[in-house]
Novice: 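Okay, handing you the structure first.
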Amino acid sequence: MSTTADPLAALGALPGVAESVESVRKAVDRVYGHRIMRRRSNAVTSEAALRAARGSAALSGADWALEEVRRRTDFGTDDEARVMGAALRLTAEAGQLLSIWRQSPLRVLARLHLVAAASDESRVGRPRQAGEAVDEPLIELPLPDAREVSGRLDGLADLIIAGSSAPALVTAAVVHGELLALRPFTSHNGLVARAAERIVLIGSGLDPKAICPAEVGHAEQGRAEYLAALEGYVSGTPEGMAAWIAHCGRAVEFGVRESTAVCEALQRGAA
């Protein structure tokens, strides 16, 4: 990452990033301008949250049909059900943490992990310590040690607290990518990273009503593409960073498409 005074803004100047940012902004503006948003925005928000949770869970190994997510009430019976339950809890919790994020992002991340793990084990709700294993089998990138995790988490928190002129998409992509690269907790890192991205997109004002679920888009692009884009972020090269930001931009646009379909269905009285 750049060492300039505003490294996030420097990323926004990478080739192709401005185009991704503009494409996302236009897509978001279109769905917010849909006539159904004037009357039933709460219904769109609720549906987007459900689909966001389903998409995030799919990337963590619980790829359920949407109707299965609606139908099920038991989320503690097996590994996939627990992943889905964690994703649903995180999506609901994210909206409650918006006011805290800019002042204390590490506190928010700890809370997200507590909510995801739903456990009182001593390892829950804090960054992992030296020697502690990480249960994140779907991400096979080299794992930074606990000391590096601590330093980079502090650096990320400092960037958030200081604020940036960077577009929301850039900040959200960096938060998401950094948490996946670090895997700072002993479990549920993917779910937490995507929830944190959600918080940035909503809290920044890009998607204030939470109707553009990037989690849907990450899942639709597929796990292989998701991991390939993440490798670009981890490489730290300008090309890799720009590719990751573009991937996150496409994810938001897929989320917009999903909610546009919800708006159309509500307008027809079919949802």
Side-chain angles (χ1 to χ4, degrees), residues 19-75 80-81 83-98 167-169 172-173 176 191 194-223 225-226 246-271:
E19 290 81 357
S20 294
V21 168
E22 181 63 18
S23 181
V24 166
R25 168 50 67 190
K26 288 180 178 178
V28 171
D29 286 347
R30 282 195 300 271
V31 71
Y32 270 84
H34 196 287
R35 61 186 300 179
I36 206 72
M37 288 296 295
R38 294 195 294 271
R39 297 182 286 112
R40 301 192 63 185
S41 64
N42 288 343
V44 181
T45 296
S46 295
E47 187 64 20
L50 186 70
R51 296 179 186 219
R54 184 221 163 263
S56 189
L59 288 168
S60 287
D63 192 0
W64 290 10
L66 187 61
E67 291 311 312
E68 178 74 357
V69 182
R70 293 189 203 281
R71 182 187 67 81
R72 289 282 288 270
T73 58
D74 53 324
F75 295 106
E80 286 195 8
V83 168
M84 185 60 69
L88 288 164
R89 291 191 301 274
L90 283 173
T91 303
E93 185 74 11
Q96 310 302 313
L97 299 171
L98 297 173
L169 173 64
H176 185 170
L191 294 173
R194 291 183 288 275
E197 178 188 51
R198 179 179 183 81
I199 288 171
V200 175
L201 292 172
I202 297 169
S204 66
L206 177 64
D207 181 23
K209 293 184 182 292
I211 63 166
C212 306
E215 300 93 331
V216 168
H218 289 302
E220 283 202 23
Q221 292 179 85
R223 189 179 297 152
E225 189 167 336
Y226 183 65
H247 173 90
C248 292
R250 288 190 297 274
V252 175
E253 292 188 63
F254 275 115
V256 167
R257 187 180 69 180
E258 188 88 352
S259 286
T260 300
V262 170
C263 288
E264 295 294 330
L266 287 169
Q267 189 166 284
R268 294 192 305 268

Novice: Are any non-hydrogen side-chain atoms of V31 and C212 less than 4.5 angstrom apart?
Specialist: yes

Novice: Check the pair T260, R30 against side chain to side chain contact (heavy atoms under 4.5 Å, CB included), reporting the backbone distance first and the verdict last.
Specialist: CA-CA 9 Å; T260 300; R30 282 195 300 271; over 6 Å; no

Novice: What pair of heavy atoms forms the shortest contact from A210 to A48, and how long is it?
Specialist: O-CB, 3.5 Å

Novice: What pair of heavy atoms forms the shortest contact from A81 to R72, and how long is it?
Specialist: CB-NH2, 3.7 Å

Novice: Rounded to the nearest 0.5 Å, how far apart are CD of E264 and OG of S259?
Specialist: 12.0 Å

Novice: Looking only at heavy atoms, which two atoms of L266 and A43 are closest? And how far apart?
Specialist: CD1-CB, 4.1 Å

Novice: Can you tell whether the side chains of R71 and E67 come within less than 4.0 Å, N to carboxylate O?
Specialist: no

Novice: Run K26 and E253 through salt bridge (Lys or Arg N to Asp or Glu O under 4.0 Å) and show every step you take.
Specialist: CA-CA 9 Å; K26 288 180 178 178; E253 292 188 63; over 6 Å; no

Novice: Just list the side-chain donor-acceptor pairs under 3.5 Å for residues 198-206, sequence neighbours left out, or say none.
Specialist:
unit_1, atom_1, unit_2, atom_2, d
S204, OG, V200, O, 3.0
S204, OG, L201, O, 3.1
S204, OG, L206, N, 3.2

Novice: Judged by atom type as modelled, is there a donor-acceptor pair below 3.5 Å linking the side chain of Q221 to the main-chain atoms of H247?
Specialist: yes

Novice: So, for A251 and A214, which heavy atoms are closest and what is the spacing to 0.1 Å?
Specialist: CB-O, 3.5 Å

Novice: To the nearest 0.5 Å, tell me how far C263 SG sits from R268 CZ.
Specialist: 11.0 Å

Novice: Atom CD1 in I211, atom CZ in R51: separation rounded to 0.5 Å?
Specialist: 13.0 Å

Novice: Assess whether side chain to side chain contact (heavy atoms under 4.5 Å, CB included) is satisfied between K209 and V44, documenting all intermediate values.
Specialist: CA-CA 9 Å; K209 293 184 182 292; V44 181; over 6 Å; no

Novice: In Å and rounded to the nearest 0.5 Å, what is the CD to CZ distance from E220 to R257?
Specialist: 5.0 Å

Novice: Please check: side-chain N/O of S23 versus main-chain N/O of E19, any donor-acceptor pairing under 3.5 Å?
Specialist: no

Novice: Should S20 and L169 be marked as a side chain to side chain contact (heavy atoms under 4.5 Å, CB included) after you check the CA-CA gap, both sets of side-chain angles, and the distance that decides it?
Specialist: CA-CA 9 Å; S20 294; L169 173 64; 4.3 Å; yes

Novice: Output the distance between atom CG (L88) and atom CZ (R54), rounded to the nearest 0.5 Å.
Specialist: 11.5 Å

Novice: Can you tell me how far the CG atom of N42 sits from the CE atom of M37, to the nearest 0.5 Å?
Specialist: 9.0 Å

Novice: Which heavy atom in A53 sits nearest to a heavy atom in A87, and how many Å separate them?
Specialist: O-CB, 3.4 Å

Novice: Using the side-chain hydrogen bond (donor to acceptor under 3.5 Å, both in side chains) rule, pick out the option among E197, R223, R250, R194 that qualifies with H218.
Specialist: E197

Novice: If you compare all heavy atoms of G85 against all heavy atoms of F75, which two are closest, and at what distance to 0.1 Å?
Specialist: CA-CB, 3.7 Å

Novice: Taking the side chain as C-beta and beyond, is there a heavy-atom pair between R89 and L191 under 4.5 Å?
Specialist: no

